[in-house]
Amino acid sequence: MDVSYGILCLLPPVVAISLCFITKQVLISLFAGLFTGALVISGWNPIAGVGYSLAVIIENMTDPSNAMLLLFTMFMGVGISFIWRLGGSFALAEAAKKRFKTRRSVCLATWGLGMGTSINDCLVAAVDGNVFRDICREYRISSEKFSYVLDSTAAPAAAIFISDWIAYQIGMIGQGLDVAGITEIQPVAAYIRSIPFNMYSILTLIFVGILMYTGKDYGPMLKAEMRCMTTGKFTRDGANPMLNVGSDLGEPKKTKPMIKSFVLPIVLSLATILIGIYWTGREAAPQGIMAVLETCDARSALLWGSFVMALTGIVIALSSKIMNFDETMTCIVDGFKLMVLTGAILIMAWSLGSITKELGLAQYVIHLIGDNIPFGLLPPLILLLSIGVAFATGTSWGTMAIMTPLAIPLAYSLTGDVNVAIAMSGAVLSGAILGDHASPVSDTTVMASIFSGADHIDHVQTQLPYALTVGGVIAVLYTIYGFTRVSPFVLLPIGVAILVVLQNVLHKYYIKKYDMDEDYANSMIKDIVEHNFQDIEDSEAQV
């Protein structure tokens, strides 16, 4: 049945996102957005709206792909529980004190590990989050900054490096080429040519590295960092961390803290995931790694890896006799409890995405642009549309599925240039990831909040200025490309230079606005032996 809901399709995401920022209660805000959409579909009958909302929730809970991610999250909770209770995190933090001398070195290591585990965006949050969460607390790096590093290295790195994202992008580009009738280039080759045009991912990864190196934060992130450095508070007073291991699980057992209690579960989990990806895509192995990624079942591999992580924790607990059988069973249950709220939020985010898709949100937005525009405006327009769709729906993959098959043929019809048409897939991906980073209803943004132990809305609010900074720069670069067709290899260095200038200007502005010492950034680069922050505390006013 072809039903057009017109402007009403905007109501669910507007309600959900507005309430997220107003109430700071993610779960009820997502349900309110879902219920609003159900009301529209049910002809404003509240009883029917409730029934329809519940039906959508059940549908998303029982979807096999979603169920796998839910189980992945729950088993990760069990793994985290054992790592904490066995003293693995404590042992690693103690060892880190001997190796890390500055906050900057910890931040850079977090950034590097995020890019190094980019085979899947959820994997970045889980592995990087588990490795550095307690170390960041020890070195007074705020939960907001830690969650920003996790989120802003996950999808951008996965979109460029070897990951399951690549196979998906190749598939979407293939659809776009088919619709446009382009046969002179294969989807894999087209994907490779589109990489330099994925400007948001490239510049975000560089920008994160610059921020981690210089420590020149700005906006609410600067305030969060100063709070953590001067008071030692990892989260603000009144925050609701998505994962608070110490609070939920109590004190770790320090009778026999072993680094292997931390490393072994994570290493075996990562190995299982890699083997799972190969195993599920092994039939395509003769065609190369790209073919394996295109045919593999990454979600099953993630599930297997998280199960192995949990199982390894159980084996270590019992074999080392750090825990008896009853304590081990209690630890398993506590691990599941850690992730109950997280699972509920993920289900609501998926359900909201389903309802906006049913209302035809993306099609409505696309119809607003028409096709009577000069090509020079098309790249930034595709970027903005992709941002809007991703922000409202909370899914970058869904945005790619909607926008890529439209952007490529639209650009080809306006220019007749295959290379220009391929470039637009990069603009779609840039907008999809930017919108995802800015959206409180994004499942990957939720994952970053979970494994960093951050308040979800605090994470979104502190990350938003950074995402918009990079977004504003690439909007200018796409406009220049649209009117000049200059190479992205010329535009990207210009973008980096603009980001460095903007960072310095905004840092100085907010230092004055918050009445902070102008020498603040030096706290990121000087030696911090035994975490002596007294000089900062003496020189800074309470923020």
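All of these numbers come straight from a predicted model, not from anything done at the bench. Atoms considered below: every heavy atom in the structure, side chains included; atoms not considered: hydrogens, waters and symmetry mates.
Take Tyr218 and apply the ring-ring contact (aromatic ring centres under 6.0 Å, His included) test, not counting sequence neighbours, and it matches Tyr466. Scanning for ring-ring contact (aromatic ring centres under 6.0 Å, His included) contacts around Tyr478 gives an empty result, with sequence neighbours left out. The side-chain hydrogen bond (donor to acceptor under 3.5 Å, both in side chains) check on Ser300 picks up Asp297, with sequence neighbours excluded. For Phe146, the ring-ring contact (aromatic ring centres under 6.0 Å, His included) test picks out no residue, with sequence neighbours left out. Residues satisfying the side chain to side chain contact (heavy atoms under 4.5 Å, CB included) test with Ser194, not counting sequence neighbours, are Ile173, Tyr191, Ile422, Ser425. Scored by the side chain to side chain contact (heavy atoms under 4.5 Å, CB included) test, Thr484 finds Ile480, Val486 as partners (sequence neighbours excluded). Residues satisfying the side-chain hydrogen bond (donor to acceptor under 3.5 Å, both in side chains) test with Thr272, not counting sequence neighbours, are none. Residues satisfying the side chain to side chain contact (heavy atoms under 4.5 Å, CB included) criterion with Ala390, sequence neighbours excluded, are Thr399. Residues satisfying the side chain to side chain contact (heavy atoms under 4.5 Å, CB included) criterion with Leu71, sequence neighbours excluded, are Phe75, Leu303.
Atom CG of Leu211 is separated from atom NZ of Lys216 by 11.0 Å, given to the nearest 0.5 angstrom. Within the model, atoms CG of Leu359 and CG of Leu11 stand 8.5 Å from one another, a figure rounded to the nearest 0.5 Å. We find the CG-CG distance between Leu383 and Leu378 to be 11.0 Å, quoted to the nearest 0.5 Å. The OH atom of Tyr412 sits 5.5 Å away from the CD1 atom of Ile182 when rounded to the nearest 0.5 Å.
Using a distance-only test at 3.5 Å, with no hydrogens or angles considered, no donor-acceptor pair links the side chain of Ser143 to the main chain of Ala454. At distances below 3.5 Å, at least one donor-acceptor pair connects side-chain atoms of Thr445 with backbone N or O atoms of Asp436. Judged by distance alone, with hydrogens and angles left aside, the side-chain atoms of Asn504 form a donor-acceptor pair with the main-chain N or O of Val500 at under 3.5 Å. With Ser452 contributing its side chain and Ser449 its backbone, the two residues share a donor-acceptor pair below 3.5 Å. In terms of modelled atom types and a separation under 3.5 Å, the side chain of Arg133 and the main chain of Phe451 share a donor-acceptor contact. Under a 3.5 Å cut-off, the side chain of Trp111 and the backbone N or O of Val106 do not form any donor-acceptor pair. Judged by distance alone, the side chain of Thr153 and the main-chain N or O of Gly114 form no donor-acceptor pair under 3.5 Å.
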- Check the pair Leu270, Met309 against side-chain contact (heavy atoms from CB on, under 4.5 Å), reporting the backbone distance first and the verdict last. CA-CA 9 Å; Leu270 182 59; Met309 181 178 176; over 6 Å; no

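Side-chain N/O atoms of Asp217 and His507 include no donor and acceptor closer than 3.5 Å. Checked by atom type, the side-chain pair Gln463/Ser152 shows a donor-acceptor distance below 3.5 Å.
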Taking only distance into account, with no hydrogens and no angle test, what donor-acceptor pairs under 3.5 Å do side-chain atoms of residues 491-498 form with protein atoms, sequence neighbours excluded?
none

Please report, to 0.1 Å, the donor-acceptor pairs under 3.5 Å made by any side chain of residues 36-45, with sequence neighbours excluded.
residue: Thr36; atom: OG1; partner: Ala32; partner atom: O; Å: 2.7
residue: Ser42; atom: OG; partner: Ala38; partner atom: O; Å: 2.8
residue: Asn45; atom: OD1; partner: Ile47; partner atom: N; Å: 3.1
residue: Asn45; atom: OD1; partner: Ala48; partner atom: N; Å: 3.2

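Side-chain atoms of Ile355 and Tyr52, non-hydrogen and from C-beta on, do get closer than 4.5 Å to each other. At a threshold of 4.5 Å between non-hydrogen side-chain atoms, the residues Ser354 and Asn60 count as touching. In this structure the side chain of Thr479 never reaches within 4.5 angstrom of the side chain of Pro379, judged on heavy atoms. Taking the side chain as every heavy atom from C-beta outward, Val149 and Met212 approach each other to under 4.5 Å. Side-chain contact between Leu434 and Val470 is absent, with no heavy-atom pair separated by less than 4.5 Å. A heavy-atom distance below 4.5 Å is not found between the side chains of Glu144 and His459.
Pairing each heavy atom of Ala301 with each of Ile273, the nearest pair is O-CG1, 3.4 Å.
Ring centroids of Phe197 and Tyr481 are separated by less than 6.0 Å, placing the two rings close together.
Pairs of residues two or more places apart, or lying in two chains, that qualify as side chain to side chain donor-acceptor pair (under 3.5 Å) and include a residue from residues 198-207 are Asn198-Ser201, Asn198-Ser430, Tyr200-His437.
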